[in-house]
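Everything on this sheet refers to the single structure shown next.
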Amino acid sequence: MSIYDTLNEPQREAVLHTDGPLLILAGAGSGKTRVLTHRIAYLIEEMGVNPWNILAITFTNKAAGEMRQRVDDLVGFGSESIWVSTFHSMCVRILRRFIDRLGYDNRFTIYDTDDQKTLMKAVCKKVDIDTKQFKERMLLSVISSAKNEMILPEEFEMNAGGDFAQLKIAKVYREYEAQLKANNALDFDDLLVKTVQLLQTQPDVRENYQERFRYIMVDEYQDTNTVQFKLVSLLAGKYRNLCVVGDDDQSIYKFRGANIRNILDFEKEYPDAKVIKLEQNYRSTENILNAANGVISNNKGRKDKTLWTANGEGQKICLKQFDTAYDEAEFIAEDIKKEVRDGASYNDSAVLYRTNAQSRLLEEKFIAMNIPYKIVGGINFYARREIKDILAYLKTVDNGQDDLAVRRIINVPKRGIGLTTINRIQEAADARGISFYDALLAPEMIPGAGRSAAKLNSFAALIEYFKGQAEKESLTDLLNEILDMTGYTQNLEADDEIDAESRLQNIEELLNKAAAYEEDCEDRDEKATLSGFLEEVALVADIDSLEEDQDYVVLMTLHSAKGLEFPHVYLAGVEDGLFPSYMTITGDDPEELEEERRLCYVGITRAEQKLTLTCARKRMVRGETQYNRISRFISEIPPELLDTGRSSAERAGGAGNTYSGDSGFGNADGIGGGAFAGTGRGGSFGKAYGAAGKKPFTALTKGSQLTAQKSDKLSYGVGDRVRHVKFGEGTVLDIKEGGRDFEVTVEFDTAGVRKMFAMFAKLVKI
DNA sequence: CGGTCACCAGTTTTT
DNA sequence: CTGGTGACCG
């Protein structure tokens with residue numbers, strides 16, 4: 001009896017087919033990770049392949065970690081030398097070694113979307129673009145699409161023909177690239193593009209990696225884009241032992257450049273490819289699966305396959321419509337409470353939705369009802385202002401060439417260096433063709449900087465000091481020193497009392513992550529470096545922090561939920577105009593609607609035992625009330641699978657749950673006549689949820705405890721005179737016992753009345 | 001230079 | 001409703 005006997009027939013076939021191209025069409029829940037891990041084990045144990053020669057590419061760091069763990073469990077040794085990583089981290093690793101061949105410094109920094117936007121602003125200013133006409137976001141998205149198709153500025157310009165707008169964009173593209181390079185920075189797309197360029201132009205590098213990666217596996221292949229396809233083709237070009245796994249029905253990243261043709265045309269690209277379909281689902285009940293099949297069968301042009309399961313029929317799918325989104329949230333929260341009372345755990349449930357903004361109401365209800373939860377997504381931890389500030393210090397210390405980072409922190413905390421001075425430095429830098437930081441080192445060369453020279457000097461001295469320290473001390477020590485010497489922590493506490501606590505907690509969290517990184521390096525016998533940390537930090541996704549063994553309800557978008565599974569899934573906001581989104585309904589591209597349908601399919605198939613669909617008749621969106629019908633996708637589910645709960649009258653009067661099994665959307669019932677209120681403006685994205693500083697509940701997240709301890713007793717009391725670093729002397733008016741800390745109200749002699757947390761205010765009795 | 005106030009524009013999904 | 005931006009004043 002070997003470990004391979006536990007596989008079903010097609011699974012085993014996929015594991016045993018080791019040489020040559022292989023396409024595994026793996027339906028949802030059909031055990032594809034199992035196949036991949038067993039295949040790796042088989043390669044190592046039975047085929048004698050050196051783990052060193054295996055590359056497995058996954059979609060997220062979390063998936064990579066899990067895969068490595070599972071291979072570890074199977075093989076027991078050698079698994080640490082398998083390369084398991086995401087496309088992006090793999091590229092960074094290659095580029096750190098070889099990007100100097102393309103004329104970059106190997107210590108390049110990585111720009112996130114926020115940085116890109118800042119850079120684009122500067123570009124538009126320089127190229128004299130009216131940002132009313134060409135929005136930064138639109139420009140960036142055009143450039144990103146171009147990069148995803150490997151179209152460089154020159155070609156883009158040629159393609160423009162005589163089109164005035166396109167030529168203008170070409171100019172922006174060119175300048176954007178120039179500035180990235182000047183800052184020694186790469187954006188996310190560049191990581192892939194540059195790696196492909198490297199492999200294309202440097203035969204020895206290509207040869208090196210082709211030899212190394214003799215066996216390549218790519219997970220979630222349906223979501224690869226054109227550059228990723230090129231990259232994989234290049235790497236697999238010599239040995240052609242390429243195994244791709246995916247499900248065309250779960251392709252949901254078109255907006256990010258994913259090209260569904262990569263999987264649909266795999267057999268054309270590799271005519272000798274073996275194709276294996278995994279159609280038995282081990283995850284869900286029959287009812288859930290049939291609902292999913294019902295929905296997805298409305299899509300055209302998909303690979304023919306039908307999922308089946310030997311699991312029982314299971315419960316019916318619960319569908320409830322409410323009057324308001326508020327009622328919807330309340331129901332979900334109460335339902336989860338009820339299940340927990342009946343013996344379920346919180347982490348048996350997940351709430352999925354189309355847009356991040358929907359998390360807010362749910363979060364409020366969960367807090368009110370004391371349900372532990374974790375929100376995945378929204379604003380990335382590393383995109384928070386305070387985190388970006390601190391990271392900008394690290395970047396500046398690490399790589400003075402990143403103008404964006406330097407400009408970000410030159411006056412944070414306030415040092416009296418204003419915009420005028422910053423612009424003068426920039427002009428001087430541009431004029432001399434040097435970096436912003438280098439220009440600032442010599443204020444005497446900057447015309448008109450006279451009065452600011454002293455301030456600039458002390459800023460430069462501070463950074464230079466940190467640079468020296470970076471050589472000598474550990475990352476965490478450096479971080480602490482930066483926080484301390486810049487006065488960042490103190491200023492934060494002083495600036496806005498409301499947000500201070502959560503921001504300081506985030507900084508604590510960052511310190512924890514730095515410490516974890518150092519430990520990690522120690523375990524792996526590598527040197528913990530500043531750039532190493534910055535790089536790790538640049539490529540994490542929020543989903544990576546999800547921990548299955550923690551007992552909380554997970555809230556996230558359908559996109560984030562891909563690859564996960566839960567006993568009970570709530571799919572919230574199944575309304576026309578929200579899901580499918582307003583944009584796809586009004587747009588005339590039927591492919592977009594198909595992608596939304598695939599998203600729906602992904603959502604349904606996350607559920608193992610129970611699926612609850614909820615929607616609201618009206619909902620507030622951007623301050624306006626929207627009136628929505630039940631999602632068209634619901635009518636694609638065979639009606640006999642649905643339990644509308646109509647008999648079990650939940651609530652007397654209004655907010656009941658009515659749903660007529662018929663086609664359901666002849667008329668919008670009610671106000672407004674149309675299905676939507678609100679005017680559809682050009683689609684775009686950005687920060688979707690999360691009011692200022694509103695921090696998702698992270699108290700349950702491992703390692704988020706504050707290191708600063710709440711003291712039992714304060715050294716001062718009401719009426720005492722105290723001194724604050726920034727505000728000077730004052731009198732304590734009030735001390736309130738808070739959850740984690742004392743909230744102290746002080747009337748300062750010069751700065752007025754302020755509330756602050758004792759832990760951070762460091763008040764001294766005088 | 002920095003703070004405050006008023007106005008305006010915006011939101012699908014993310015490595 | 002909210003965050004970002006621009007004008008104005010201390």
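Computed from heavy atoms alone, side chains included, the values below leave out hydrogens, waters and symmetry copies. Chain letters run A, B, ... following the sequence lines, proteins first and then strands; every chain starts at 1.
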Is there a side-chain contact between A/D402 and A/N184, using heavy atoms and a 4.5 Å cut-off?
-> no
First encountered from the 5' end of DNA chain B, between A/G416 and A/R256 | A/G416
Would you indicate what A/K135 reaches in the nucleic acid, counting non-hydrogen atoms under 4.0 angstrom: base, sugar-phosphate, or nothing?
-> sugar-phosphate
Contact class for A/F59 vs. all strands (heavy atom < 4.0 Å): base, sugar-phosphate, or nothing?
-> sugar-phosphate
For A/I110 and B/dT14, what is the distance between atoms CD1 and C1' respectively, to the nearest whole Å?
-> 16 Å
When all nucleic acid strands are considered with a 4.0 Å heavy-atom cut-off, which category describes A/I417: base, sugar-phosphate, or nothing?
-> sugar-phosphate
Options B/dT15, B/dG2, B/dT14, nucleotide nearest the side-chain atoms of A/H88 = B/dT15
Can you tell me if the side-chain N/O atoms of A/T584 get under 4.0 Å from OP1 or OP2 in B/dT12?
-> no
Report which part of the nucleic acid A/F87 touches: base, sugar-phosphate, or nothing (heavy-atom distance under 4.0 Å, all strands).
-> nothing
Please check the phosphate of B/dC1 (OP1 and OP2 only) for any side-chain N or O of A/K455 closer than 4.0 Å.
-> no
Would you indicate what A/E596 reaches in the nucleic acid, counting non-hydrogen atoms under 4.0 angstrom: base, sugar-phosphate, or nothing?
-> base
Taking the inter-plane angle between the rings of A/F188 and A/H88 on a 0 to 90° scale, is it parallel (under 30°), tilted (30 to 60°) or perpendicular (over 60°)?
-> perpendicular
Between A/T420 and B/dC1, does any side-chain N or O lie under 4.0 Å from OP1 or OP2?
-> yes
Would you say A/N356 reaches B/dT14's phosphate, i.e. side-chain N/O to OP1/OP2 under 4.0 Å?
-> yes
Minimum-distance nucleotide (side-chain atoms of A/K414 versus B/dT12, C/dT5, B/dG2) = B/dG2
Indicate whether any N or O donor in one side chain lies under 3.5 Å from an N or O acceptor in the other, for A/D189 and A/S144.
-> yes
Across all chains, not counting sequence neighbours, the side-chain hydrogen bond (donor to acceptor under 3.5 Å, both in side chains) partners of A/K32 are A/D219, A/E220
For B/dT15, does OP1 or OP2 lie under 4.0 Å from any side-chain N or O of A/T60?
-> no
Indicate whether OP1 or OP2 belonging to B/dT14 is found under 4.0 Å from a side-chain N or O atom of A/S560.
-> yes
In whole Å, what is the span from the NZ atom of A/K62 to the P atom of B/dT14?
-> 15 Å
Looking at A/Y382, does the NZ or CZ of A/K388 lie under 6.0 angstrom from its six-membered ring centre and within 45 degrees of the ring axis?
-> no
Which sits closer to the 5' end of DNA chain B, A/V621 or A/D189, going by the nucleotide each is nearest to?
-> A/V621
Check whether any side-chain N or O of A/N411 sits under 4.0 Å from OP1 or OP2 of B/dC1, and answer yes or no.
-> no
Could you check whether A/K562 gets within reach of a base, just the sugar-phosphate, or nothing at all, counting any heavy atom under 4.0 Å?
-> nothing
